[in-house]
A.B. asks: 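Encoded as structure tokens, here's the structure I'll be asking about.
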Amino acid sequence: MQPIPIIGVLALQGDYESHARALEQVNAQPKMVRTAAELEKVDGLIIPGGESTTFLKLLEREGLFAPLEKFACTRPTFGTCAGCILLAKRVTHPEQESLGVLDATVERNAYGRQIDSQIVTEETSLPGGPLEMVFIRAPRLTHVGSGVEVLASRDGFPVLVRQKNILAATFHPELSHAKSPSQSGSPDDLERNPDRRVHQYFAQMVRDASQALENSKSAQESLPVQTTVTNRQ
Ligand code: GLN
């Protein structure tokens with residue numbers, strides 16, 4: 001059995017509590033991250049939704065921008081909504097600074113001010129059929145590079161993408177309900193009936209990356225022994 005991954009949730013603003021609950025539900029151990037020291041102790045990280053400009057200010061204030069940039073280059077990192085904006089290489093409407101680790105262009109508040117929030121159900125390549133997606137003052141991925149895998153789209157634009165260790169969603173997966181035939185017609189209770197496939201997918205990315213790191217460590221550890229043997233011959 002694979003060990004339980006420790007997944008950080010950047011807890012500077014936004015609904016980090018919901019992400020932490022979602023992670024528990026997919027058998028991962030959530031850990032709130034507010035400092036660079038805390039970031040060093042986690043296997044992967046979720047950057048929740050919120051306001052990307054506020055995130056930038058808080059990251060700067062906490063001295064977290066550079067450590068986060070470094071983390072996202074090497075460890076699994078999942079950005080949702082404002083988190084997705086922070087990960088993208090290019091930000092428009094207006095232009096702003098970002099961590100630049102996802103080869104994509106993202107347009108902020110792209111669905112207009114009149115529609116602040118929208119819930120749609122779309123196909124996804126995650127197992128289990130269509131996924132409910134909650135968009136809140138959402139950005140739009142207007143361009144993604146050729147190395148970016150599109151896992152779900154809305155109106156022809158990617159909304160859930162992966163590039164190696166980076167996962168990004170323009171919606172809020174912590175708010176997705178699962179369809180339940182027994183409750184059809186009534187609004188579902190998120191606590192009783194959440195759809196955790198996106199968190200499940202990310203937790204697996206973290207498990208896989210940790211396993212790969214373990215494998216390369218043990219391969220390196222066996223190297224000096226071989227060298228010594230070779231030298232003696
Ligand atoms: N509109 C926000 C921004 O531009 C993102 C909204 C969200 O995270 N729900 O940063």
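Just so you know, ligand 1 is whichever comes first in the structure, and atom 1 is the first atom listed for that ligand.
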A.B. asks: Which residue is it: Thr80, Leu160, Val134? I am looking for the one with a side-chain contact (heavy atoms from CB on, under 4.5 Å) to Phe171.
C.D. replies: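 Filter result, single survivor: Leu160.
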A.B. asks: For atom 1 (N) of ligand 1, what's the nearest protein heavy-atom neighbour? Residue, atom name and distance, please.
C.D. replies: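 Of the protein heavy atoms, Asn109 OD1, 2.6 Å lies nearest.
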A.B. asks: Students should be able to answer this: which protein heavy-atom is nearest to atom 7 (C) of ligand 1, and at what distance?
C.D. replies: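 I find the closest protein heavy atom is Cys81 SG, 2.8 Å.
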A.B. asks: Quick one: does Gln163's side chain have a donor or acceptor within less than 3.5 Å of a partner on Gly147's backbone?
C.D. replies: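 Pair absent, no side-chain N/O of Gln163 close to backbone of Gly147.
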A.B. asks: Which atoms from ligand 1 have a heavy atom of Ser52 less than 4.0 Å away?
C.D. replies: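 Those qualifying, in numeric order: 3 (C), 4 (O), 10 (O).
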A.B. asks: Give a yes or no on whether the backbone of Arg34 and the side-chain of Glu38 come within a donor-acceptor separation of less than 3.5 Å.
C.D. replies: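 Judged by distance alone, yes, a pair lies under 3.5 Å.
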A.B. asks: Which pair of heavy atoms, one from Val26 and one from His199, lies closest together, and at what distance?
C.D. replies: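 Val26 and His199 have their closest heavy atoms at CG2-O, 3.9 Å.
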A.B. asks: How close does the nearest protein non-hydrogen atom get to atom 4 (O) of ligand 1, and which residue and atom is it?
C.D. replies: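 The closest heavy atom on the protein side is Arg108 NE, 2.6 Å.
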A.B. asks: Does Arg137 make a cation-pi contact with Tyr111 (under 6.0 Å, within 45 degrees of the axis)?
C.D. replies: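 Cation-pi check for Arg137 and Tyr111: fails.
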A.B. asks: With heavy atoms of Gly49 as the reference, note each atom of ligand 1 found under 4.0 Å away.
C.D. replies: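 With Gly49 as reference, the close atoms of ligand 1 come out as 8 (O).
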A.B. asks: Any nitrogen or oxygen of Thr53, side chain or backbone, less than 3.5 Å from one on ligand 1?
C.D. replies: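 N/O-N/O distance under 3.5 Å: no.
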A.B. asks: In terms of atom number and element, which parts of ligand 1 are under 4.0 angstrom from non-hydrogen atoms of Gly50?
C.D. replies: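 The list of qualifying atoms is 2 (C), 5 (C), 6 (C), 7 (C), 8 (O).
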A.B. asks: Can you give me the closest heavy-atom contact between Val161 and Val144, atom names plus distance?
C.D. replies: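 Closest heavy-atom pair between Val161 and Val144: CG1-CG1, 4.4 Å.
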A.B. asks: Using a 4.0 Å cutoff against the non-hydrogen atoms of Ile136, which atoms of ligand 1 qualify?
C.D. replies: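 What qualifies from ligand 1 is 6 (C), 7 (C), 9 (N).
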A.B. asks: Heavy-atom distances under 4.0 Å decide this one: backbone, side chain, both or neither, for Thr80 against ligand 1?
C.D. replies: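 Under 4.0 Å from ligand 1, Thr80 contributes no heavy atoms.
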A.B. asks: Which ligand 1 atoms does Arg137 reach within 4.0 Å, using its non-hydrogen atoms?
C.D. replies: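 Close to Arg137: 1 (N), 2 (C), 5 (C), 6 (C).
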A.B. asks: Check the pair Leu151, Val159 against side-chain contact (heavy atoms from CB on, under 4.5 Å), reporting the backbone distance first and the verdict last.
C.D. replies: CA-CA 8 Å; Leu151 301 170; Val159 293; over 6 Å; no
A.B. asks: Which atoms of ligand 1 have any heavy atom of Ile85 under 4.0 Å away?
C.D. replies: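 It comes down to these atoms of ligand 1: 3 (C), 4 (O), 10 (O).
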